[in-house]
Structures are given as structure tokens and as C-alpha cells.
Amino acid sequence: MTGTSSQSSPGEAAGRDDLGAGAGAGAGAGIRGEAGVAAGADDGGRARPVWSRDFALFFAARAVARLGDTMLPVALAAGLLQHGYGAGAVGLAMASTAAAFAGLVVFGGVIADRFSTRKLMIGADLVRLGTQALAAVLFYSGHVVLWEICVIGLVNGVAGAVFQPGVASTVPRLASDVQAANGAIRIAESAAQLAGPAAAGLLVGFASPGGVFAAHAATYGVSALCLLLLRLPPLIRTGTPDGTATGAFRADLVEGWREFRARTWLWGVIAVWCLYMIAVWGPTVPLVATEVVQQHGPRAYGLINSALGAGTVVGGFLALRLRPRRMLRAGAFALFAFVGFPATVGAGFGVPAMAAGAAVAGAGMSFWGVMWATSVQTQVPSDVLNRIHAYDVAGSLAMMPVGQALAGPAATALGADHVLLVSAAMSLVVPTVLLAVPAIRGLIRADARGAHRPHAQDGTADAAPGRTQPERH
């Protein structure tokens, strides 16, 4: 879910990156890591430090790729508006990527357990390098057709669904201190959120939207190069292949779904998050982009998005220091802060007020994301965590393209400012609903249960015996 991000599998021969067919999965999304399944120590039994050559390469790949991703909304909004399209077109372009990603990430989670994760990630990066380079050519030439931009977004979404599970499996293989590694990557991605939109605004202002797409394509090239140079240690197999590849694939999906349904707090959050995507996040992203760009220009939009990124940095640091006993309850309270983002834009406040609202919203969302990611990682057994995460991501994002696609028609019927104010009101309703569900607000963090960790009847089972419980960000 949010948090990005970020979200391995046991089983591969020594010295290789190939995952065994039918191997179980376990890790978090985006920057979500998993401990206890990867080789986390050297031959002498000493824990590997976080910062090593290979982790630095992976860190650079994630930071650069995130920088490019945060530039994309500015390029889409400015480019499509420049060529005569409106808010609905921006929403559709964004929705095409989100729909493909959400629809296929479940299968990507299983595929990542069967093939070389590093090669899958490199391939996905190269595909997106090509698609974004093509988009740059289209915008530079002035030949911008909406359906072509949507097809490019669709291909990018498919590539993202293949790429994402590999992130989950890589973090714990590179550092035994998963929390520190995740924290470093989260701060880097938040810093990219801070710098990317501002850089995109400058590129649009001094060059053109095509320049932003060209820069975005280059970030995927850098990411692919870093991953190509990466050396991954082997994973430890904890499962066995299940007959044919087809049978094992189907069994993995079924088992993941069964484990997902067994935890009330898990599917409860995802169900509520569907409402959040339709009524809050989905319409807020394209409508804020179009409203700010039209009224204040692309540089102002870049500034507001940078403020959002600065807020996520603050929220990440707060989440590293605060250790609430009931993490989802604390995270739900933090979600109330998001109201500042759509409310300030919808109310027509000035750029400084909108930037302040975005910063507060970013802090709340970032804190929630850490609380959610940590809860999933520590409450779910490692051998099903990757598949659980796939259902998590799919469920979390399934309704986002619906919200984005409806943003344009709703803005036409009601006015973009009124739709944003409705989104602001709903951003208060969602955390209220989360806090109203006992299984969600009452979930106790795994490392606070001490020696007595009962198996709750609502499906809040603790991690499998023998699984380590590191402190995660």
C-alpha cells in the first residue's frame, strides 16, 4: 500500500539469482524488506553492514528511478494541457499505468519467485527506458495523441508489475539490518520526491515536456546499469516445488489469497483503502496537477510537489523514532493530516498555503506508510509475505485508476475545486473508519507481545515460529 512502496523468496542455487520454481515468498513492497529469509551474514556468522558496494548500487538505482517517477506527473500535466487536453486526459493517462500495475502485480509476485529477479528488474527498466524515450519523441515532435500516451502508460504499468516484487526480494539479500536499509531507501525516495517535481518544473519551463520524458527515460537507464553491476547473495529455500509449474503457480496464488483473507486487519485496511483511492487519492493527484498548472504554472506545481516530498522525509524520520504499541491506530491518526493537500488547492489558497498543506499531508502519509509496512512485515509469516504483499498492492491500487478516470467527468460536472473539497472531506472519513474497526485499531505490534503471543481469532496471527522480528522502519 502506501508507503510507495514499497514489497523474498527462499530458494536458489549458490551464486545464482534464479529463484526455484514453487518457492514460497516473503518480503515487503517498494522499500519493504524481509528478514529471516536471506543470507544475512558472512561466512563467519557476522552480520553484513548496511552500506556495501552492492547495497550502494541498489540504493542508487532506487533513488534515481524514484527521481524520474516524481517528474512524470509534471510532464504529463504540462504536456497534455499544452496540446489542448484537459483534466480528464491527464487522469486517463495516469490511470492507464495504475490499472496495468494493479491488475498484474499479483502475478508479478509469483513470477518473481520463479525467475531471476535481477534480470526481470533490468528487463523492466529497459522496457520503460524505451517507452519514455518514445514519449519524449512524441512530445518533441508535437505529435501527441491521447491513446498513444495511454498505451505507453499501459506498457509502463506492466513493466512496473514485473519490477516491483524484485525490490522486495533484494533488500534483505543486501543487508542484514533490514530496518536500516529500508530507512535509507525511504529517505532517498522521499528526497527524490522533494527534488523531482521541482526539476521537472524547471525542465518544462526552460525546455519542454519532452525534455522531462527524456530525463525520465535516462533514469531507467541508470537504474538498469546499477542492477546489472549488482551481485546478489543466494537465498535460502524454505519450501519445495509443487509438481508442474502451472500447478505450483496456481497453488501459490490460492495460498496467498487464503492467508490474506485469514487476517481481518489486513483485508479490512485494504477494503477501506479502496474507498480512499476512489474518493481521495485518485482524484486529488490529477486535479491538483491541472488546477495548479493552469492557475499558477508548472513551476508552482513542482514547488508544491517538492513540499509534499519534504513532508514525507519528516514523516519518515518521525516513524523511525516513534514506536507506538498499536501501529495501525497511530498511523490512522496520522492520515488525518492529508486533508491539507486537497483542501488548500480546492479552497483556492495561494501557493505558500498549498505547499504547507502538501508538506503536512506528506508527513501523515509517510508515517502511515511506515506503520502499515511494518505491520505487514512483522505480522505475516515470511513464506507467504511476498504473495500477501501482491494482494496488498493490487487491492490498494485497484480503485486508484477508477478515481483518476472519474476525476475529469466529476470536475466537468461539479468543478475541480468542489471535487477537491469533497476529497478533503473524505480524507477525514477514511481514517475515522479505520479507527472504528477493532481488528485494525487494536492490532498490537509483534515485538511488543513479549513471551505471550496468542493466536488471535480475527486472523492477526503472529509470525511463523523461528522467524526473526527485526525492528523495521
Side-chain angles (χ1 to χ4, degrees), residues 1-7 29-30 65-66 68-73 75-77 79-80 85 88-115 117 119-136 138 144-168 213 216-217 219-220 223-224 249 253 256 270 273-274 276-278 281-283 285-286 289 386-387 389-408:
M1 175 172 311
T2 64
T4 274
S5 49
S6 135
Q7 256 247 2
R66 181 59 179 162
D69 290 343
T70 59
M71 297 167 68
L72 185 58
L76 279 175
L80 290 175
Y85 293 100
V90 177
L92 284 173
M94 293 180 177
S96 62
T97 300
F101 179 84
L104 296 175
V105 70
V106 169
F107 302 100
V110 179
I111 291 172
D113 287 340
R114 303 177 173 279
F115 300 98
T117 53
K119 292 178 181 177
L120 287 172
M121 293 164 73
I122 293 171
D125 271 342
L126 293 177
V127 167
R128 289 180 289 186
L129 186 157
T131 56
Q132 296 308 89
L134 175 59
L138 293 177
V144 178
V145 181
L146 181 59
W147 73 264
E148 294 176 344
I149 302 301
C150 289
V151 169
I152 288 175
L154 186 71
V155 175
N156 287 339
V158 174
V162 173
F163 182 97
Q164 189 63 34
V167 177
F213 282 100
H216 192 198
T219 63
Y220 286 125
S223 175
F249 192 96
L253 286 174
I270 300 302
W273 212 254
C274 289
Y276 193 84
M277 289 292 107
I278 293 176
W281 187 257
V285 173
N386 198 35
R387 280 161 284 167
H389 162 64
Y391 283 109
D392 165 14
V393 173
S396 301
L397 300 181
M399 294 296 107
M400 183 169 70
V402 176
Q404 291 175 332
L406 293 176

How many angstroms lie between atom [atom1] of [X] and atom [atom2] of [Y], to the nearest 0.5 angstrom?
X: Leu120; Y: Asp125; atom1: CG; atom2: CG; answer: 11.5 Å
X: Lys119; Y: Leu126; atom1: NZ; atom2: CG; answer: 13.5 Å
X: Ile122; Y: Tyr220; atom1: CD1; atom2: OH; answer: 15.5 Å

_Minimum heavy-atom distance Phe213-Ala135, with the two atoms named_ = CD2-CB, 3.6 Å

*asked:* Please find the pair of heavy atoms, one from Phe163 and one from Ala124, that lie closest to each other, and give the distance.
replied: CB-CB, 3.8 Å

*With Ser96 via side chain to side chain contact (heavy atoms under 4.5 Å, CB included) - residues at least two apart*: Cys150

_Just so I know, are the side chains of Tyr85 and Val90 near enough to count as touching, which here means a heavy-atom distance under 4.5 Å?_
no

_Could you tell me if the side chain of Asp69 sits less than 4.5 Å from the side chain of Thr219, heavy atoms only?_
no

*Parallel, tilted or perpendicular for Tyr276 and Trp273, by the 30°/60° rule?*
parallel

Residues 151-160, side-chain donor-acceptor partners within the protein, below 3.5 Å, at least two apart:
from	atom 1	to	atom 2	distance (Å)
Asn156	OD1	Thr131	OG1	2.5
Asn156	ND2	Gln132	OE1	2.8
Asn156	ND2	Ile152	O	3.4

